[in-house]
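To start, the structure itself, in structure tokens.
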Amino acid sequence: MDVQQLKNIIEAAILAAGEPVSLDRLQGLFEEDERPAPEDFRMALAALGEDCAMRGIELVEVGSGWRFQSRKELVPWVSRLWEEKPQRYSRAFLETLALIAYRQPITRAEIEDIRGVAVGTNIVKSLTERGWVRVVGHRDVPGKPALYATTRAFLDYFNLKSLDDLPTLAELRDIDKLEAELDLIGDVPAPAAQIERIPAADVEPVELC
Amino acid sequence: MDVQQLKNIIEAAILAAGEPVSLDRLQGLFEEDERPAPEDFRMALAALGEDCAMRGIELVEVGSGWRFQSRKELVPWVSRLWEEKPQRYSRAFLETLALIAYRQPITRAEIEDIRGVAVGTNIVKSLTERGWVRVVGHRDVPGKPALYATTRAFLDYFNLKSLDDLPTLAELRDIDKLEAELDLIGDVPAPAAQIERIPAADVEPVELC
Amino acid sequence: MTEAAVSEAPLHEPASPQQEEMPFAIVQGAPFTELPKDLYIPPHALEVILEAFEGPLDLLLWLIKRQNLDILNIPIAEITRQYVEYVELMKEMELELAAEYLVMAAVLAEIKSRMLLPRPPSVDGEEEDPRAELVRRLQEYERFKQAAEDIDALPRLGRDVFSGAAEVTERNATRPLPTVDLREILAAMAEVMKRAEMFAHHHIQREPLSVRQRMSEVLEHLSTERFTEFPCLFRLEEGRRGVVVTLIAVLELLKQQMIELIQTTAFATIHVKLVAPDMTPAELDEAADYR
């Protein structure tokens with residue numbers, strides 16, 4: 001099978017699927033005796049990506065595989081296809097999702113502990129129904145609470161290839177470092193200068209448990 | 001707006017819509033002051049169609065507008081995207097097959113005698129349909145029951161030159177070891193089965209027969 | 001600047017979100033700019049602000065941020081006073097007040113009282129700041145609050161990212177046949193044998209498989225309608241062993257009354273024929289089902 005034919009099959013299949021298609025699934029399109037080698041697939045995917053440079057779509061790899069999507073600079077026009085505004089998510093929803101994404105696997109009680117407030121059942125339910133979050137086990141403590149983790153669909157939705165692509169978490173600063181310089185009994189605010197946000201570059205890598 | 005940009009917006013929009021897009025709807029993507037003339041759209045659509053000649057998809061006009069579809073000659077590969085997961089044979093099926101292989105020619109009553117349970121007609125039927133088993137005669141006892149034997153296709157499937165290549169029953173003593181090995185095989189789906197990567201724990205093996 | 005000075009600072013009226021950005025800072029040891037005291041917030045806007053808090057930590061963070069305070073060095077007395085006033089305000093406006101808000105008020109009061117007590121002299125010079133645990137929780141919550149905003153800003157399917165899809169004109173979905181590993185057959189056979197051994201009346205005898213296979217082949221070769229010449233069953237190219245195997249197979253088939261041998265005269269060619277079934281295979285299957 002020549003490269004052009006392979007490229008065409010891959011292009012047709014990914015677009016026909018209408019969802020990300022994994023390399024495994026692409027390989028499964030061929031009978032064993034005609035199946036190109038894995039490096040042929042990678043080469044064809046790379047070539048297909050290059051072909052897109054002049055087109056309206058681009059080939060990207062997200063959590064569950066490869067998909068074509070509209071080029072960023074065309075989004076202003078493409079988004080006019082639909083009248084309704086994209087959905088907005090509540091802070092409680094996003095914070096719960098963030099905790100599951102960065103701290104997975106995590107129980108609901110652990111989420112509530114960090115947020116300092118109860119997590120509604122409807123939030124967990126809606127995250128699960130969207131297929132972004134699922135129960136991956138149960139913690140071995142009394143009550144055997146469910147452990148939540150994010151799914152590939154979550155990565156796909158937010159255009160991420162893996163959890164490593166999540167924005168980095170801000171780093172924690174240590175109160176002890178300040179104690180030496182400050183009069184602790186005098187309940188005094190710190191100089192405004194110390195409040196500056198930590199520049200992104202200094203931030204430690206994401207903690208993924 | 002140059003032709004290339006217009007072509008790209010049209011391509012991105014039709015693919016993003018995932019359904020046929022009418023000329024009207026395409027024109028509606030542009031603010032009035034930047035909207036190209038209708039003949040520009042027609043030219044861009046024609047050029048886009050020509051560009052597809054070497055690609056895996058083609059641009060066609062159907063009743064409700066323009067859409068991309070996979071090229072007909074690629075359908076044999078593309079349609080494997082929706083191949084269902086292969087099912088698994090039941091234990092009764094495998095035991096019946098094993099008895100026919102090792103004890104052929106054998107009647108159904110004899111199989112039932114050894115297995116200690118009835119053998120459903122559907123099992124014999126699927127073994128025959130699969131081409132692994134056939135009736136080779138009838139035993140001269142009341143009812144003249146059919147005698148089953150394995151076929152050439154059975155040997156070919158399991159890559160055996162003759163039935164002599166089947167391991168002897170004496171070699172089967174360490175059943176537990178064999179079963180442990182089989183559990184390992186069970187976790188790794190065959191290439192055709194990799195279409196959907198559902199974690200093994202979530203999958204209930206579907207039993208045929 | 002003393003603690004008293006700070007605690008005398010006016011309670012900053014809840015500001016609308018725009019006011020958060022005002023350059024209002026308390027700088028250690030330096031005079032600070034006051035927020036306008038006559039700031040008027042319509043009750044409805046206030047309610048919106050109060051309702052927007054995601055719990056006590058969120059409210060505390062807001063109070064700290066709004067005054068440009070360092071989270072590591074919170075003026076506990078002042079923050080506690082402001083916090084309690086907000087909670088009272090929320091009660092007054094009859095907002096649904098989560099129990100966690102009241103728990104936090106108690107925590108703050110406790111920290112405040114510990115801050116006022118003289119610290120016991122420490123042996124190694126290390127002493128825990130009473131605020132440490134609260135600061136840790138605030139920071140931990142703050143980073144995930146930020147992470148939630150970051151996730152919200154990620155390119156999102158259907159908002160910033162549009163996935164392409166094309167039509168397939170003819171879908172012919174098929175279901176592949178199950179795959180079977182030879183070891184599965186062996187395991188099944190081993191299982192059957194193990195079970196069969198438990199039924200004492202069954203004695204499974206080992207026979208050379210080549211004879212069984214040859215029996216099947218002979219049967220395939222024969223027909224119920226016409227006779228086959230006996231020598232046709234043998235293939236000389238198989239040699240002596242092949243001939244012996246075929247002969248044993250034929251004798252076994254004869255013994256099991258599956259074939260008939262006919263010889264019209266002595267030394268004439270022997271003819272072989274299948275024993276005819278009384279019923280068709282389908283009928284046989286049915287008969288077996290009713291058994």
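In what follows, chains are A, B, ... by sequence order, proteins preceding strands, each numbered from 1.
For B:R71, no part lies near chain C; criterion is any non-hydrogen pair under 4.5 Å. For a residue to count as touching a neighbouring chain, one of its non-hydrogen atoms must lie under 4.5 Å from one of that chain's; by this rule B:R67 touches chain C with the side chain only. In this structure, chain B has heavy atoms under 4.5 Å from both the backbone and the side chain of C:L182. Contact of B:L155 with chain C is made through the side chain alone, with heavy-atom distances under 4.5 Å. Heavy-atom distances place the side chain of B:L160, and not its backbone, under 4.5 Å from chain C.
Note that CZ of C:R212 is 7.5 Å distant from CD1 of B:I106, once rounded to the nearest 0.5 Å. Note that OH of B:Y102 and CG of C:L186 are 4.5 Å apart. Values are rounded to the nearest 0.5 Å. Interatomic distance, C:I185 CD1 to B:Y157 OH, rounded to the nearest 0.5 Å: 9.0 Å. Between the CG atom in C:L253 and the CZ atom in B:R139 there is a gap of 9.0 Å [rounded to 0.5 Å].
Here the side chains of C:M189 and B:L99 are in contact, with some heavy-atom distance below 4.5 Å. You'll find the side chain of C:M215 stays beyond 4.5 Å of the side chain of B:Q104, heavy atoms only.
Smallest separation of non-hydrogen atoms from B:F158 and C:V180: CE2-O, 3.5 Å.
Between chain C and the options B:A149, B:A12, B:S162, B:P105, heavy-atom pairs under 4.5 Å are most frequent for B:P105. Counting heavy-atom pairs closer than 4.5 Å to chain C, the top-ranked of the candidates B:G137, B:A17, B:S70 is B:S70.
Using a 4.0 Å cut-off between charged side-chain N and carboxylate O, B:R88 and C:E184 make a salt bridge.
Contact residues of residues 156-166 of chain C toward chain B are C:F162, C:S163, C:G164, C:A165, C:A166 (heavy-atom distance under 4.5 Å).
Checked against C:M258 for a side chain to side chain contact (heavy atoms under 4.5 Å, CB included), the options B:V136, B:V141, B:L147 give a single hit: B:L147.
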